[in-house]
Each structure stands twice: as C-alpha cells, then as structure tokens.
**Student:** 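Pasting a structure below so you can have a look.
Reminder, nothing fancy here: chain letters follow the sequence lines and each chain counts from 1. These numbers come from the heavy atoms of this one structure, side chains and all, not from hydrogens, waters or symmetry mates. All figures in this text were calculated on a predicted structure; none of them were measured in a lab.
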Amino acid sequence: MTATGIGAPVRRKEDQRFVTGQGRYVDDFNRPGQAYAYFLRSPHAHAVIRSIDTGPAMIMPGVIAVFTGDDLAADKIGGLICGWMIHSKDGSPMKAGPHPALAQGKVRYVGDHVAVVIAETLAQAKDAAEAIVVAYDVLPAVVDTAQATKASVQVHDVSPDNTVFNWHLGNKDETEAAFARAKHVTKIDLVNNRLVPNPIEPRAAVGEYDFGTDNYTLYTTSQNPHVARLVLSAFIGVAPEHKLRVIAPDVGGGFGSKIFIYAEETVCVWAAKKVKRPVKWTSDRSEAFLSDAHGRDHVTHAEMATDENGKIIGLKVHTTANLGAYLSTFSSSVPTYLYAPLLSGQYDIPAIYCEVDGVYTNTAPVDAYRGAGRPEATFVVERLVEKTARELGQNPAEFRRKNYITQFPHATPVIMTYDTGDYAASLDKALEIADYKNFPARKQESARRGKLRGIGFSSYIEACGIAPSQAVGSLGAGVGLWESAEVRVNPTGSVEVLTGSHSHGQGHETTFAQLVSDRLGISIDQVSIVHGDTDKVQFGMGTYGSRSGAVGMSAIAKAIDKVIAKGKKVAAHVLEASEGDIEFKDGRFGVAGTDRSMAFGEIALQAYIAHKFSGQDLEPGLKEGAFYDPTNFTFPAGVHICEVEIDPDTGVTKIERWTAVDDFGVIINPMIVEGQVHGGIAQGVGQALLEGAFYDESGQLITASFNDYCMPRAIDLPSFDVGMTVTPCPSNPLGIKGCGEAGAIAAPPAVINAITDALGHEDIAMPATPQAVWRAAQKARMPMAAE
Amino acid sequence: MYAFEYHRPTSVKEAAGLAGQAEDIKFLAGGHTLLPTMKLRLAGPANVIDLGQIAELRGIERAGDMITIGAMMKHAEVANSAEVKQAIPALAEMAELIGDPHVRNRGTIGGSIANNDPSADYPAACLALNATIITNQRKIAADDFFQGIFTTALEEGEIITQVSFPIPSQAAYTKFRNPASRYALVGVFVAKQADGVRVAVTGAGSNGVFRVKEMEQALSGNFAAEALDGVTVAESEMNSDIHADAAYRAHLVGVMARRAVQAAGARG
C-alpha cells in the first residue's frame, strides 16, 4: 500500500478548484453566439390547452424563436421515456401516458412545459414568455396520493383510474398462512413524505449544433451523460448517437435528480439546430422546485406477524406510490424493485408479501432521490419492528438481535440473496458508542427539566451497486448496469483513468486515484480521473445507487490488472527474463529471485519506445480497458441510534446524540466515507423533521421556495459519532459495498422511533415539525392528566 | 427583474424631491424584501430611489433616556453598537436574531419598519418600547404607525429618517423561528417602563404586529412569568399557515411571553 492508497484518509484533490471558485459548471460554459431559452410553464395543475398564440411574443425585442409542442411534433421529436417496464399482477404492462417535452393539448402539473422562447438575453426571453397568450380550460386536479384512484379526475387517457400499475412481490399464500398462525400482529399506517431534491447547483443545459460536421453537443447537469446520449438519440430522436456529444462537467450535487432526461435539455439540443445558435437554459430555484423530479411520496399500510417466541414470521405491505403527472426516466423502478426487495431488512422473515399501486396525480414527476425506494422500505420495516418490540414489551435492540439474519448467504422471500454481514457486531458497537446503558439516567435528567427524551434505532440494509445486468434486465430494466473503465498509462508513467462513473460531489477524482496509487505504486498526484464526456469516455452507466465504488472502481481494478499483465510482458523483454518469472510488487517489475527490477514508469516508457521487443511479439503501448458487471447487488448495512430531547412547550425536537455504525465493506478513503455518512444523515433528518413538499387541492405547490420548504441546516444537527464495522463484499474484487445513500436510508426511522419513544405513543408523521410534535406531546400528556 | 430607473440621492431632501417628481417609485433601503420581489417579477417599480448614500440617515446616539437610531443603520450595526447594548440590550439582541449575517449586514431598521412585514422583528421592538418613528415630515408614535400587514402610517413619498427608543428598565425579546424561513413564527418583545409594561407580538397576528393588553396589565402588577398564567390570546386573531395554525401560534405567544419575562428578569 502507498501513502495515498486504499484506506488512506487523503484530502480531496478536487477541492482545491471547488473551494477557490475554479469549478466549471454547465452555466459557466458560454458558447459563441449563444442565445437563451426560457420555458413558459403551466400555472395550472390540470388544463386543456385550447390555443397558444405566440405571435405577440415573436415581435418582442431580441426574440429569435418561440416553439411549442407542435413544432417538436412536426420534427418527429419523441416524448420523454420511462426506461423500466413494470408489469401488473395480471401481467399487463404499466400504463405509460405520453410525455412530450413541450405540452401537446394538455398540461398536467404546475410547471409543465408549455412553450419555449429563445432570445438574445434571458430577460428578453422572459419578457416574451409573458406575451404568449395561452387559452386554458382549467380542469379539476388530483394531488392526494391515497385518493388518486378514487378521484373523478383523469390525468392520462391511457389510465382511467390513474393507476400506472398494480404490482406485487413475494408469496401471498405463505404470508397469509404465517399471519393465520401468528401470536401477535402489529399494524402501522405510514406516509413517506414527498421531498424536493434541491442540489445546490440547479439543472442547466447548453445545446450546440455544428453545421459543418453535423455534430451536436450538449452540456448538461447529468449524473450519467452516456445514458442521456442514448435516450436522446435512440428514444427521443434528437440526434444520432454517434453525432451527439454529451458533456457533464463539474456538477454541483444530484441526489438522483440529475439521473433523468428532462424536457429542457431535449429542447436545447433540438432548438440549437433550429435557430442555428447555441442555446442555453439554466434553471432558477423556483423552476427547480416545480420541475425537478421529486422523491418518495408513499402511503403505506403494513403488518408484522410474530410467533409466541417473539420471532418475526410474516410481513405484509400495501403501498400506494405517487408517480406524479408523468413517468420520469426510472420512476417505475423506485417503488417496485428498489423498494419491496428490501422489506426483509436485516431480519430472517420467512414470508413477505408486498403490493404496490403506482398512481398518477397532477404533481411533478416523482423519481429516484438519495436511497430511492430503500429509504421507503427501511422506514416501513424499522418503524414496524420498533412498534412490534414495544407492543411485545421487548427491548427494541434485543428484539432486533433475536430476529437478525446470522447465516450467509441468505435468500429472502423477496428476490435478494444477502452475501455477507454481521449485524449483531454493528449493533453491539452502536450500543456502546451511544452509551445506551446510561440512557435511562439521561431520560430522568431530561424529565427533571420538563423535557421528553427518547431513543430510536434503525437497523437498515440497502441493495447497492445496481447491479448485475442480467438480474436487472429480468426485472424490467431497459439497460444493463455494468460499468466501464480505461486505464491509459503515459510514457512518463503517469496515468489517466477514463471512467463511465460520474462525480458530482462524491470525490471520485481522489478515491479512484487512490485505487490506482495502491495497485500501481504511484502517487495520486500521478493520476488523473477523466469522466463526464462521451467523446472521451466510450460508454458508461453513470453514478447513482451507491454504485461507483463497487461497480465503477471494480472496472478500473480489472483494467489495472490488464495493465500489469501487459507490463509484465514488456518487463520480460526489457529484463530479459521469461514472463512467468516477472513479479509486480510495490510499484516495480522484477525478476523473481534476483535483484533485477524496474519501476512502473520505466516499464511504461519501454512500452512506448518499443526498442526492446519486436512488434511481431508484442504490441507497443500501455493502455487497457475493461467492462465490469457484478455478480450480485452489494448489501451495505448498519445500525443508527438517534437520541432526542423534546420541549413539550414548543414542540421543538433537538437531536442530542447520533450514533452511526455502518458496514460498507472495504473503505477506500475513510474521510470521504464519513462525509457521505454525515451528508446522508443530514438529508434523512431533513426528511424526518423538516422537509415536505405540499400541494394544495388545486395542485399549486405551496412549498415552492426555501421560505416554506425547510432544508436542514448545521444548527439542526448534532455532532455525529460514526463507527465502522467491515465484512468485505465477496461479489466484487475490491470488497466494496457502497456508502452514498446509507445515512439517508437509516436516518428517518431512527428519528421517528426516538420521537415516538419520547412521546410514548406512535402518532406522529414526517416531517415531525415543532407544530406536529407539540400537538403529539399534548396528546401524550392527556392520559397523565387524567390519572 | 423588469427594467427600472435607478436614482441615488445624497440627501433626504433630494430623495423626497425625486419621489415627488417620479411616477411609480420605491425607496430602496437594505433591499431584502424589495430586490427578491423584483427578481421574481412580483414587483416592477418604474423608479427605484436608493437611500444608501444619504449620510443623515445614519448614526446612533444616546440623549438622556432616549436612544435614537438612523433609519439606514444596518441590523449588524445596531446589534454591535456599544451604546445600544448598554442602554437597551434587548434591542441589540433582537437585531442579532434577524436573518443571517448576510441579511444583518444589508438590512436596515428603517426598511424593516417601513415594510412592516408581519413576521419582521423590529415592529415588535418599536411597539413594546413605545418608540417614535421620525420622518422627513413628522413624528409618529409606534402605536399609530403600524396599521396592519405591510401597512403603515407613511404617506406616499414620506421617508423614515430616525427611530427613537425610550430606554426601559427591563426588556427582552424571544423569538420562535419559522423552521424554513427563520422569520419570526412568533416573536414577543416585553419592555418595562416607569409607566408600565408593554408586550408586543410579531409573526402571530393575522393583522400584523400587535400589543397584548391583558398581558401588559398582568405584568404591570407583577413583572414575573407566573403573572401570565391563564392569560391567553385569541386564536381567532392569529395567523395560520402550513408551519403553524392559529391554535399553535396562540399557544406559542404565551410560551414566548413567559420566556421573555424570565429573560428580562434574569438580566435584572
């Protein structure tokens, strides 16, 4: 291992440019002759468009063009797609309504795209958009998740009752049988609140067309530029794949919301050719609230069956998942295959049955958001486990321990085969760090000050990597989910790694370089990581689902192995030994049993000057590529413990302590991993205490700015106590499981379990705002007053 | 933002003259309400008169038992003023609780009072401390100045120049923040003067900042938190939104008032 190799907490290479303002984001790219796009958006949640008169806008100063859905249709530009096919219980395919980039005949949510103005300046484009005259016949809207299928409102013709699919997973009969013989059944009703992603950099796109070469270029805020290119070319038909270059430069956070292919970048590429000018669009924060794909939004009833020994014997779940007004790129997979397969949690549950109804509403599309399905599953399992322990009068930690899976591999009743883990080890460590044994004393001390103290557990598991292509293909994915890498060794021995992963905050330029440093025995300063440009990187599937370590780095490791193998061939010629005698160790190629050796860089030079071997025997150069497709998902897991103190007079919940013990497998950079844990917990606490996207009955988003949508701030969070346990992942060469989503998955049930522990009853929903907690605390007081 | 004419006078007289001549004007103080509203195209004044270069609108001075603050003094300047901290520490602390450092280094006392946002802090301080709002035309008692949300006694083109605060014997401000915006969901300013106690509430009232006479009477007899036991404000007069309904706001007025009295008492 080198000083900058695997396991070293080296500082992030990319931070120099980020903290000095030298990062280059999409909006920093200004192309010669660039014009500006502004989208006229629907002010109504649901309306028929009777007519659009663009005439008054066309004559406004600086206006170059105004386009509507008719113009896109005339050019045969296809609609946006959903790339994951879900079949209902009856075998019928999901009901996907049309999703034109600019509305055709109808708008279906506030913020839906009605027209686009291209003008010399953004201000002129906005002025002209105000001059467009749209005649709407406003229709009633449906916004409520639970009521969507009962509403008289119909969002899409293809789905008369607003149902997208009625999907299920697991074994219904076995589950019913388990419930029939249960000693105890615990029931719970849960709402998983809708969230707005809010990455710090809003979405943006610059489309450009070169009339000389017939080449298109799109600069876009994407987590997966190759997937964007594939969808834009093969499905939407904006440009042929080999003529479209997609560049995702520095991207300021995504959290899932930048996976998807949206209307705006589609229109910018298409319009660039129409107006013969580069076209730029940058979302403002108000547009981001309205039109970025939202997250979560489930309504769930779940029941857990236990036997006379307190063992969990069955779980049944019914969830209604709000998918919004249109099916976003991967929306259908989130409440289905990214959700129900995680319902076994860390527990040995022999029978599970889950039904999910996906529904349309007149709200922004809902798609993957940090954790994507797995936070929703964990919230169901961990709230239910906690409530079951309470109803059985058992200690929640020990109830979990009793039901933990301890033998691996373990096949759950819901698809997954967990490969490895040691859940009790994480629990033990977490209990110790959290000083659990002295919690009763702390609770008493709080009570003396008139405060309510509570403690809550979350024993989460997630499936990451997202994952074997054959597996996801069999479940309906439209693409394979492998990753690619190319390792280019220069004659001077420095290395460029081209990866299909994309970094938008994760620190890949550091961690990926650490792998190279570790394997090739060179400093990370000798390594450059190249990503985010389809002209440089041949293909890749991008970054989401905590997959870039487990899958992306495994591809790099595989390519490095090939580089070393080639290096051995070169070394054999140079050192005049047989290839079988060449060893590569500590950055040097040597002849076994001798002191003859050469440094990695010297062999690289020899590979390029090619003086010591014949072109007949060996190709010059040192560059290798690899595609890596894992054999399984990875299963990061851990235990988080949240301790809160509630002021019953105001309802303010203060998080006093947070313990996180995670098993991410092998860790490349513990500092970066800890940062991911911190950020994930912050987002999870945001969901539990602060954040919620709310529409009124007419479909207006009433939390449409930071004045009303509450993001977590540093002051809302305690200092986190982070610990790690390690069981290496057996299904990839590096033993990595992934860490990007764990905090957001683990945190919400830990917070709510702590609050309900403090209150002494279960009746609190997310976000547990001061108002909600105050009201719940009053309810908690009432029986005491009656005593 | 729509296009507008920008004016930058250097005296109150010049500013008032500009206001008298131009159509559709807005005075720009710290700009923390006006500029975001203009950026969102919710406001589009034809003329913006920036008061930032007018020296006579600045300064803090103590004369006898009064503290007088220039209208263009920023929240951070009030919060950090040795004279304000010494004379009315509750006022300095209130200024320190406004927004964040960026806001406090741009926002002004005059702008806050002239805007009379129902969640702003200064209106509660003015009412509770029985301040006098001084304009280029007259002096207005705080009780007459605040006339409902975003509504004041100011005439068209009238400019606040100073605010004068009598120094109380005891005072404190407690604020329960809106979790999202961090404006006052409920803010209560309590001040004890020789002639009695005044209690002013911001953030909660459906008609903006208001005084609670029942609390004032109870506290004038006994300046202690217990004196407020059983004293409530009417839910029917409270604001209601997704963050706090009327019942919660009414409850918080009581909690914050008791805590303000405790804080004032603790200061001695």
**Student:** Side chain, backbone, both or neither: which part of Asp647(A) has an atom under 4.5 Å from a heavy atom of chain B?
**Tutor:** side chain
**Student:** Would you say Asp649(A) and Arg259(B) make side-chain contact, with heavy atoms under 4.5 Å?
**Tutor:** yes
**Student:** Counting only heavy atoms not in Lys26(B), do more than 12 fall under 6.0 Å of its NZ?
**Tutor:** no
**Student:** Does any heavy atom of chain B fall under 4.5 Å from the side chain of Thr769(A), the backbone, both, or neither of them?
**Tutor:** neither
**Student:** What distance separates Arg249(B) CZ from Gln771(A) CD, expressed to the nearest 0.5 Å?
**Tutor:** 8.5 Å
**Student:** So, for Asn707(A) and Ser181(B), which heavy atoms are closest and what is the spacing to 0.1 Å?
**Tutor:** OD1-CB, 3.2 Å
**Student:** Mind checking whether His243(B) and Thr703(A) have side chains closer than 4.5 Å, heavy atoms only?
**Tutor:** no
**Student:** With only heavy atoms counted, which part of Ile242(B) is less than 4.5 Å from chain A, the side chain, the backbone, both or neither?
**Tutor:** both
**Student:** What heavy-atom pair brings Cys710(A) and Pro179(B) nearest, and what distance separates the two atoms?
**Tutor:** SG-O, 3.1 Å
**Student:** Check each atom of Ser286(A) against the heavy atoms of chain B and say whether the ones under 4.5 Å are side chain, backbone, both or neither.
**Tutor:** side chain
**Student:** Looking at Asp708(A), Asp716(A), Val652(A), Asp284(A), which one has more heavy-atom pairs under 4.5 Å with chain B than the rest?
**Tutor:** Asp708(A)
**Student:** Using every non-hydrogen atom in the two residues, find where Ala247(B) and Trp774(A) come nearest and quote the distance to one decimal.
**Tutor:** O-CH2, 4.2 Å
**Student:** With a 4.5 angstrom heavy-atom cut-off, is it the side chain or the backbone of Tyr248(B) that approaches chain A, or both, or neither?
**Tutor:** both
**Student:** Pick from Glu691(A), Glu130(A), Met711(A): which one has the most heavy-atom pairs with chain B under 4.5 Å?
**Tutor:** Glu130(A)
**Student:** So do the side chains of Arg775(A) and Asp245(B) get within less than 4.5 Å of each other, counting heavy atoms only?
**Tutor:** yes
**Student:** Report, as yes or no, whether the 6.0 Å neighbourhood of atom CZ on Arg177(B) holds more than 12 heavy atoms from other residues, nucleotides or ligands.
**Tutor:** yes
**Student:** Between Leu122(A) and chain B, with a heavy-atom cut-off of 4.5 Å, which part of the residue counts as in contact: side chain, backbone, both or neither?
**Tutor:** neither
**Student:** With a 4.5 angstrom heavy-atom cut-off, is it the side chain or the backbone of Leu185(B) that approaches chain A, or both, or neither?
**Tutor:** neither
**Student:** So do the side chains of Met256(B) and Thr650(A) get within less than 4.5 Å of each other, counting heavy atoms only?
**Tutor:** yes
